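Following: one structure in structure tokens, then a few remarks.
Bear in mind that the values here come from a model prediction, so they are computed numbers and not experimental data. Atoms considered below: every heavy atom in the structure, side chains included; atoms not considered: hydrogens, waters and symmetry mates.
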Amino acid sequence: MMPPETGRRLADLLPHGRYEEIPEARTLIPLDNPAGLCTALRRFIAQTPPAGAQDAP
């Protein structure tokens, strides 16, 4: 959908953003490789602190 460099720049702008390519997927990632998308999402959720967690004492 967009060049990889654009995706990397957008990821750099977002808090906790990261760029990850899903293997064997193109424009419709949930249809092209749903298992790969789920794996990437689970990894992101496990590695990303909840919103507001950095504000806790």
Side-chain angles (χ1 to χ4, degrees):
M1 190 74 170
M2 70 176 70
E5 285 305 313
T6 303
R8 288 183 186 100
R9 282 189 321 200
L10 288 172
D12 289 341
L13 295 173
L14 298 170
H16 306 291
R18 65 182 78 173
Y19 174 83
E20 187 164 344
E21 291 187 22
I22 307 297
E24 299 178 24
R26 307 228 6 147
T27 303
L28 300 174
I29 297 169
L31 297 178
D32 295 339
N33 188 349
L37 176 60
C38 286
T39 298
L41 285 171
R42 288 175 189 212
R43 185 172 40 247
F44 177 80
I45 291 166
Q47 296 173 352
T48 304
Q54 65 276 8
D55 299 331

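Partners of L41 under the side chain to side chain contact (heavy atoms under 4.5 Å, CB included) rule, at least two apart in sequence or in another chain, are L37. With sequence neighbours left out, E24 forms a side chain to side chain contact (heavy atoms under 4.5 Å, CB included) with N33. Residues passing the side chain to side chain contact (heavy atoms under 4.5 Å, CB included) test with L28 are L31, D32, sequence neighbours excluded.
Taking both residues in full, the closest heavy atoms of A11 and Y19 are given as CB-N, 3.6 Å, listed atom of the first, atom of the second, then distance.
The structure places SG of C38 at 12.0 Å from CD1 of I29, a figure rounded to the nearest 0.5 Å.
Applying the salt bridge (Lys or Arg N to Asp or Glu O under 4.0 Å) definition to pairs two or more places apart or across chains, those involving residues 2-11 are E5-R8, R8-E21. Applying the side chain to side chain donor-acceptor pair (under 3.5 Å) test to pairs two or more places apart or on separate chains, those with a residue in residues 38-51 are R18-Q47, R18-T48, E20-R43.
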